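Below you'll find the structure, written out as structure tokens, and then a few comments.
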2 protein chains.
Amino acid sequence: MKAEYNERANFIEETGMIFERLGVTRMAGRILGYLMVSDKEHVSFDELTQVLQASKSSISTNLKALSNVEFVKPHTLPGDRKTYYMLSPDIDWREYLIRRFENIRTMNNHFKKGLALRVNQKDEVSNWLADTVEFYDWLLKEYPRFMDQWQMKRP
Amino acid sequence: MKAEYNERANFIEETGMIFERLGVTRMAGRILGYLMVSDKEHVSFDELTQVLQASKSSISTNLKALSNVEFVKPHTLPGDRKTYYMLSPDIDWREYLIRRFENIRTMNNHFKKGLALRVNQKDEVSNWLADTVEFYDWLLKEYPRFMDQWQMKRP
DNA sequence: CTTTTTGTTCAGTAAAAATAGAACCAAAAA
DNA sequence: TTTTTGGTTCTATTTTTACTGAACAAAAAG
């Protein structure tokens with residue numbers, strides 16, 4: 001058992017933990033981890049069940065979830081019934097960040113709603129809420145321009 | 001039962017749901033929601049158990065967690081044994097965002113590790129990983145400057 | 001038409017997380 | 001000193017989530 005093997009195995013488990021903390025399942029994280037360090041670019045369903053020592057159902061469910069959010073892309077070959085999977089080269093992390101910023105927008109709107117519901121609009125909490133809203137309004141207005149700088153650097 | 005009352009109640013439950021999706025407990029979210037729309041600035045432990053109809057233990061645990069991450073600040077008065085709680089006016093959302101960016105740094109480092117473990121450094125997946133790393137390297141380098149713009153606008 | 005391959009889906013189990021209830025404790029009040 | 005207040009902590013209980021295993025299905029192969 002080579003050292004390299006253990007490094008990969010560790011990497012896979014670490015990926016599982018990292019994604020678990022992000023709210024994805026540990027198994028989905030493991031799949032991503034394996035897709036990252038596999039020496040093949042395309043990995044079959046069956047290989048995943050074996051390498052990750054997981055049930056077909058778990059792999060199936062998680063692969064589907066990962067495909068839905070387009071983190072993973074299925075790949076097929078003529079004359080081959082299997083489906084292979086790879087890390088989706090279509091993920092645009094800039095797009096992904098933008099989606100995350102939209103969550104911030106939701107939260108900011110919620111803060112506005114909360115502030116509006118307060119009786120005293122001028123106490124410390126209200127002021128803090130107002131400041132918060134002001135900051136996020138600024139952020140949401142300005143971040144596209146920031147992102148554009150990346151587009152300009154790498155068209 | 002006034003319409004206003006229901007709006008507040010709805011707001012509290014929504015806050016619970018929103019924070020639950022962010023990985024905090026629903027009850028912690030409810031506490032934050034109530035602290036946002038309460039007409040008092042400082043709210044007692046006991047009031048929280050009653051308004052949120054939750055057990056003392058649940059309130060205690062969640063208040064402690066919220067205090068630990070400094071979302072909530074305890075407030076005491078001379079001659080009063082109770083502890084009151086408020087939304088912490090000390091939360092600096094800029095600081096908070098910066099902490100979140102540090103998570104991105106962790107992820108980016110993990111990507112680098114994964115890329116290094118790949119056998120073929122020049123296939124599609126490797127290229128995609130390399131591009132991703134490049135984008136995040138740029139982002140992590142540039143975002144402090146972006147944040148400084150806010151500092152300049154609001155010193 | 002029957003068997004095999006390649007998964008998917010459903011029903012049950014195991015594991016984890018959130019909450020409740022009760023015992024408990026320290027400090028203040030009586 | 002005893003009692004009450006204000007809350008914490010420990011041990012269930014409930015709820016949710018992830019995973020497994022087995023039944024099932026579609027399509028290809030024999």
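Remember, predicted model here, so these are calculated numbers, not experimental data. Below, chains carry the letters A, B, ... as their sequence lines are ordered, and counting in each starts from 1.
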Worksheet, complete the sentence: side chain to side chain contact (heavy atoms under 4.5 Å, CB included) test vs B/Leu63 passes for just one of B/Asn68, B/Thr83, B/Val72, namely B/Val72

Worksheet entry | Residues forming a side-chain hydrogen bond (donor to acceptor under 3.5 Å, both in side chains) with A/Glu20, sequence neighbours excluded | A/Arg26

Discussion item. Taking any atom closer than 4.0 angstrom to a non-hydrogen atom of chain B, what span of DNA chain C does the protein reach, first nucleotide to last?
Written reply: C/dA18 to C/dA28

Worksheet item: Hey, is the main chain of B/Asp46 close enough, under 3.5 Å, to the side chain of B/Thr49 for a donor-acceptor pair?
Response: yes

Practice prompt. Could you tell me whether A/Glu102 and A/Arg99 have a side-chain N and a carboxylate O separated by less than 4.0 Å?
Written response: no

Item to complete: Check DNA chain C against residues 21-38 of chain A and give the residues with a non-hydrogen atom under 4.0 Å, in numerical order.
Response: none

Discussion item. Using a 4.0 Å cut-off on heavy atoms, which residues in residues 61-84 of chain B reach DNA chain C? List them by number, or say none.
Written reply: B/Asn62, B/Arg81

Discussion item. Going 5' to 3' along DNA chain D, which are the first and last nucleotides with any atom under 4.0 Å from a heavy atom of chain A?
Written reply: D/dA18 to D/dA28

Discussion item. Under a 3.5 Å threshold, yes or no: a donor from one side chain and an acceptor from the other, between B/Arg100 and B/Tyr96?
Written reply: yes

Worksheet item: Would the number of heavy atoms belonging to other residues, nucleotides or ligands and lying under 6.0 Å from CD of A/Glu134 be above 12?
Response: yes

Practice prompt. Taking salt bridge (Lys or Arg N to Asp or Glu O under 4.0 Å) as the test, write out the residues that go with A/Glu41, two or more places apart.
Written response: none

Discussion item. What I want to find out is whether B/Lys112 reaches B/Asp137 closely enough, with some N-O distance under 4.0 Å, to be called a salt bridge.
Written reply: yes

Worksheet item: Is it the case that one hydrophobic cluster holds both B/Ile98 and B/Phe146, taking links as side-chain heavy atoms less than 4.5 Å apart, direct or via other members?
Response: yes

Worksheet item: Are A/Asp123 and A/Ser126 linked by a side-chain donor-acceptor pair shorter than 3.5 Å?
Response: yes

Discussion item. Treating B/Trp93 as the side-chain partner and A/Asp131 as the backbone partner, does any N or O pair qualify as donor plus acceptor under 3.5 Å?
Written reply: no

Worksheet item: Heavy-atom count around B/Glu70 CD within 6.0 Å, excluding the residue itself: above 12?
Response: no

